[in-house]
Amino acid sequence: MIRHYCGLFGINSRQEAARHAYFGLYAQQHRGQESAGIATWDGTTLHEHRGMGLVPDVFNEVVLQQLPGDYAIGHVRYGTSSTSSLRNAQPFIVHHQGMDIALAHNGKLVNAEELRRELEEDGAIFRTASDCEIFVHLIVRAMRRKDLESAVVDACSRVRGSYCLLLLIGNKLIGLRDPLGIHPLVLGQLEDCHVLVSETCALDLLEAEYLRLVEPGEMVVIQNGRVHSIRLAPTQTPKQCIFELVYFGRPDSLIFDEQVYLCRKRMGWQLAFESTPDVDFVMPFPDSGVYAAIGFAQCAELPYEHAMIRNHYVGRTFIQPTQGMRNFSVRVKINPVRAMIEGKRICIVDDSIVRGTTMLTRVKKLRELGAKEVHIRISCPPVRFPCCYGIDFASRGELIAASKSVEEIKCILGVDSLNYLSLEGLARSVAHSDYYCRACLTGEYPVPPEEGCGRQVCGK
C-alpha cells in the first residue's frame, strides 16, 4: 500500500478555532493516520495538543476545551523518514525570545541532512527527526537581522525539495508552497475569516468558500482579515505530484484546480481506449481504483460490478487474529460475492501496483473462487522509481516494475492479461500535463535528490 504524506489546516479570527481545526483535519484523515495535532493562539498564549492515532482518538470535548483562541493550525501526519513517535507529531512548537511559533509541514527536503549538519555545527540542538524543525532553526536565525516575513523567505531560499508550510505566530497565519508546488495548499473563506487547507474537502465540511490555490512559490500572510501575498521565488513551471490525482486526494476534492473524481474517470476512460479485454464485467477492489473503473466500464461499454464488498467498520482497534488465523485480517476487510465470480471473465481496474504482493493475493483469491479469467488494468503507468518528495513508495529494489517487464509481472501475478495506462494517456487525463511531477514513473526528478534516494524509502 502507498502511504500518504500529511494534511494541513489553518484558520484565523474564528471563535472555537480548535473545533474548526478538528473537523478540518477529520475531513483530511486520509492524508495521515499516525498522529494529529492542533495549536491555537488566544491573544496571549500558544496552546497545543498532539497525540498518536486518528483525529477522533487524539481529540475529545475535554481536549478541545483546553485549546482556546480564535487562531489555529492543525496537522495529520504519516511519517516515512522520521520515526513514528509523539515527539515527531506536529504542529511543532518553539518559544524564542518571548515569541511563540507553531509550524506544520507537508513535504520532504532533499538537503535535510546537509542543513541539519550545518545547523548543529553552528550550535543548534534538535529534538526531533522531522524536517519542520530545520525550518524553525532557519527562520529563527534569519530573524536576528530580518522581519518575520523576510526571515521565512530567507529560510525557504536555503532548502531544496518539497514543502507546504503553515505558521501561526501571534495573530498572524502564514501559508506557503515550494516554488514547484509539489504538494497542494488552498485558500478559502468562512464568513469573515480565512482558511488554509491541503484539500478542498475540508472547506466543504465547514461550508467554507473555495477562493484559490496558493500558487507555487507563493507565501500568503493573513492578519486582521487581510491576505497579503509575497513571492518566495521567480515563477516557473509547476511540477505538482501526479499521484494526488491518481491515488491520494479524496475524489470530492479539487486538487491543483482539478476535480479528482473526474480525473480518475478520465484515466479509466483512456485506459479502456488503449486496452479493453473481452470480459463479462469490470470491477475495482474497494476503495482503490473505483473511479477509474467507472470510467473504464463506461468507455468499454461493459457492466460495472462490485464483486468484492468492503467492511467499512474495520478500524485500527480491530482485535488481531492469532497466528493460526492467517489472512483473517484481510478477509474481514473485503469479502467476495461468490456468485459474481465463479465462471466469470473479470477485469480488475486498480490505480497502481507497487510491490505486487497485494495484487498477487487478490488474484489468487479470485482464482480460488472459480474465476474463469482474470485481467488487470492499471490506471497509471508502472511505478519504477522511488519518490524523494514525501510519498512512501518502496525502495527501487522493492518496486516490481523497476526490474520486471509488463509481461514478467503478468506471469508473476498469474493473470490472463495486464496493461498499464500509457504516459500519453495519463497526460490526456489532466488539464495541464506539463504541470506535473512524474518522477516515480519516469525517473526525471525536478529537484535532484540526495544520494541514495533510489536505495532508500524517501518521505517525510
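Please read these numbers as outputs of a predicted model, since none were measured by experiment.
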S.K.: Measure from the side-chain N and O atoms of D42 to the backbone N and O of P68, and report whether any donor-acceptor pair falls under 3.5 Å.
M.R.: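 Judged by distance alone, no pair lies under 3.5 Å.
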S.K.: Do I409 and L418 come close enough that some side-chain heavy atom pair is under 4.5 Å?
M.R.: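 Yes - at least one pair of side-chain heavy atoms lies under 4.5 Å apart.
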S.K.: Of all the heavy-atom pairs spanning I348 and V374, show the shortest one and how long it is.
M.R.: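 Smallest heavy-atom distance, with atoms named: CD1-CG1, 3.9 Å.
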S.K.: With rounding to the nearest 0.5 angstrom, report the CG to SG distance, L138 to C156.
M.R.: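 Reported value, rounded in 0.5 Å steps: 9.0 Å.
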S.K.: Any donor-acceptor pair under 3.5 Å linking the side-chain atoms of E258 with those of Y435?
M.R.: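 Side-chain D/A pair, Y435 to E258: absent.
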S.K.: Please lay out, stage by stage, how L254 and V186 fare under the test side-chain contact (heavy atoms from CB on, under 4.5 Å).
M.R.: CA-CA 9 Å; L254 273 177; V186 302; over 6 Å; no
S.K.: In Å, rounded to the nearest 0.5 Å, how long is the span from CZ of F9 to CD of Q28?
M.R.: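 With rounding to 0.5 Å, CZ (F9) is 8.0 Å from CD (Q28).
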S.K.: Which distance, rounded to the nearest 0.5 Å, do you find between the CG of D204 and the CD of E209?
M.R.: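 It is 11.5 Å, given to the nearest 0.5 Å.
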S.K.: Please work out which of the three classes, parallel, tilted or perpendicular, describes the rings of Y261 and Y291, given edges at 30° and 60°.
M.R.: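 Y291 and Y261: tilted rings.
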S.K.: Please tell me if the side chains of M143 and H96 come closer than 4.5 Å, counting only heavy atoms from C-beta onward.
M.R.: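 The answer is no, as the side chains (C-beta and beyond) never meet within the 4.5 Å cut-off.
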S.K.: Could you check whether any side-chain N or O of S162 sits under 3.5 Å from a backbone N or O of K108, counting only pairs where one atom can act as donor and the other as acceptor?
M.R.: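 It does hold such a pair.
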S.K.: For a quick test of reading the model, state the closest non-hydrogen atom pair linking P284 to A293 and the distance between them.
M.R.: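 That closest heavy-atom pairing would be CB-CB, 4.0 Å.
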S.K.: Just verifying a value: how many Å separate N224 CG and K172 NZ, rounded to the nearest 0.5 Å?
M.R.: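 N224 CG to K172 NZ: 9.0 Å, rounded to 0.5 Å.
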S.K.: Would you please name every residue forming a ring-ring contact (aromatic ring centres under 6.0 Å, His included) with F135, sequence neighbours left out?
M.R.: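 By the ring-ring contact (aromatic ring centres under 6.0 Å, His included) rule, F135 matches H105, Y163.
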S.K.: Do the side chain of T442 and the main chain of R438 share a donor and acceptor less than 3.5 angstrom apart?
M.R.: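 Here the side-chain-to-backbone pair exists.
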S.K.: Give the minimum heavy-atom separation between H306 and Y304, together with the two atoms involved.
M.R.: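 What the structure gives for the nearest pair is NE2-OH, 2.9 Å.
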S.K.: Ignoring hydrogens and angles, tell me if any N or O in the side chain of R177 forms a donor-acceptor pair with the backbone of V214 under 3.5 Å.
M.R.: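 Side chain of R177 to backbone of V214, a donor-acceptor pair under 3.5 Å: yes, one is there.
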S.K.: Can you confirm whether V447 sits close enough to Y389 that some side-chain heavy atom of one is under 4.5 Å from a side-chain heavy atom of the other?
M.R.: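 Yes - at least one pair of side-chain heavy atoms lies under 4.5 Å apart.
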S.K.: Could you give me the CA-CA distance, side-chain angles and deciding distance for V220 and L185, then say whether side-chain contact (heavy atoms from CB on, under 4.5 Å) is met?
M.R.: CA-CA 11 Å; V220 294; L185 187 67; 5.9 Å; no
S.K.: Can you see which heavy atom on V415 is nearest to which on R367, and at what distance?
M.R.: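 Between these two residues, the closest heavy atoms are CA-NH2, 3.8 Å.
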S.K.: Distance under 6.0 Å and angle within 45° of the ring axis: does R116 meet both against F126?
M.R.: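 Yes, a cation-pi geometry.
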S.K.: Check whether any side-chain heavy atom of Q66 sits under 4.5 Å from a side-chain heavy atom of H47, and report yes or no.
M.R.: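 No, their side chains stay 4.5 Å or more apart.
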S.K.: Should D100 and H95 be marked as a side-chain contact (heavy atoms from CB on, under 4.5 Å) after you check the CA-CA gap, both sets of side-chain angles, and the distance that decides it?
M.R.: CA-CA 5 Å; D100 294 329; H95 310 282; 2.4 Å; yes
S.K.: Mind telling me whether Y22 and F59 have parallel, tilted or perpendicular rings, with 30° and 60° as the class edges?
M.R.: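 Perpendicular.
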S.K.: For the side chain of Q189 and the backbone of V195, is there at least one donor-acceptor N/O pair under 3.5 Å apart?
M.R.: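 Flag not set: sc Q189 to bb V195 has no pair under 3.5 Å.
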S.K.: When rounded to the nearest 0.5 angstrom, what distance separates CD1 in I38 from NE2 in H20?
M.R.: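 If I round to the nearest 0.5 Å, the distance is 12.0 Å.
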S.K.: Using only heavy-atom distances, determine whether the side chains of Q270 and S429 contain a donor-acceptor pair under 3.5 Å.
M.R.: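 No, S429 and Q270 have no side-chain donor paired with an acceptor closer than 3.5 Å.
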S.K.: I'd like to know if the side chain of S379 and the backbone of M267 have a donor-acceptor N/O pair within less than 3.5 Å.
M.R.: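 No, S379 side chain to M267 backbone: no donor-acceptor pair under 3.5 Å.
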S.K.: Roughly how far, to the nearest 0.5 Å, is the CG atom of L54 from the CD atom of E34?
M.R.: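 Result: 10.5 Å between the selected atoms.
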S.K.: Tell me every residue that passes salt bridge (charged side-chain N to carboxylate O under 4.0 Å, His left out) with R384, counting only those two or more places apart in sequence or in another chain.
M.R.: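 In terms of salt bridge (charged side-chain N to carboxylate O under 4.0 Å, His left out), with neighbours along the sequence ignored, R384 is linked to no residue.
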S.K.: Just by distance, do the side chain of Q240 and the backbone of I242 share a donor-acceptor pair under 3.5 Å?
M.R.: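 Side chain of Q240 to backbone of I242, a donor-acceptor pair under 3.5 Å: no, none is there.
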S.K.: Within a radius of less than 6.0 Å around CD of E368, do more than 12 heavy atoms belonging to other residues, nucleotides or ligands occur?
M.R.: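 Yes, CD of E368 has more than 12 neighbouring heavy atoms, counting only those of other groups under 6.0 Å.
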S.K.: Decide yes or no on side-chain contact (heavy atoms from CB on, under 4.5 Å) for V282 and R377, but give the supporting numbers first.
M.R.: CA-CA 10 Å; V282 175; R377 297 296 181 267; over 6 Å; no
S.K.: Could you tell me whether the side chains of Q29 and Q33 share a donor-acceptor contact shorter than 3.5 Å?
M.R.: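 There is no such pair between these side chains.
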S.K.: If you compare all heavy atoms of P216 against all heavy atoms of P179, which two are closest, and at what distance to 0.1 Å?
M.R.: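 Distance-wise, the nearest heavy atoms are CB-O, 3.4 Å.
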S.K.: With a 4.5 Å heavy-atom cut-off, do D192 and S13 have their side chains touching?
M.R.: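 D192 does not reach S13 side chain to side chain.
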S.K.: In the structure I gave you, are the side-chain heavy atoms of E305 and I346 within less than 4.5 Å of one another anywhere?
M.R.: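 Not touching, per the 4.5 Å side-chain cut-off.
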S.K.: Less than 4.0 angstrom from a charged side-chain N to a carboxylate O is my criterion; do R250 and E199 meet it?
M.R.: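 No, this pair does not count.
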S.K.: With a 4.5 Å heavy-atom cut-off, do M308 and I341 have their side chains touching?
M.R.: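 Yes, at least one pair of side-chain atoms sits under 4.5 Å.
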S.K.: Side chains of D351 and S288: any donor to acceptor distance under 3.5 Å?
M.R.: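 Short answer, yes.
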S.K.: Over all heavy atoms of both residues, which pair between A104 and L8 is shortest? Give the atoms and the distance, please.
M.R.: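 Looks like CB-CD2, 3.8 Å.
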S.K.: Measuring only between side-chain heavy atoms, which start at C-beta, is H228 closer than 4.5 Å to E149?
M.R.: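 When only atoms from C-beta onward are counted, E149 and H228 do not touch, as no gap falls below 4.5 Å.
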S.K.: Listed by chain and number, what are the salt bridge (charged side-chain N to carboxylate O under 4.0 Å, His left out) partners of R50, not counting sequence neighbours?
M.R.: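 If we apply the salt bridge (charged side-chain N to carboxylate O under 4.0 Å, His left out) test to R50, skipping adjacent residues, the hits are E48.
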S.K.: Is a side-chain donor or acceptor of H49 paired with a backbone partner of V58 at a separation under 3.5 angstrom?
M.R.: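 Yes; at least one donor-acceptor contact below 3.5 Å.
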S.K.: Is a donor on one side and an acceptor on the other found under 3.5 Å between the side chain of N60 and the backbone of V62?
M.R.: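 It does hold such a pair.
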S.K.: Has F285 got more than 12 heavy atoms of other residues, nucleotides or ligands less than 6.0 Å from its CZ?
M.R.: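 It does: F285 CZ has more than 12 such atoms within range.
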S.K.: Answer yes or no: is there a donor N or O on one side and an acceptor on the other, between the side chain of S352 and the main chain of V354, under 3.5 Å?
M.R.: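 Side chain of S352 to backbone of V354, a donor-acceptor pair under 3.5 Å: no, none is there.
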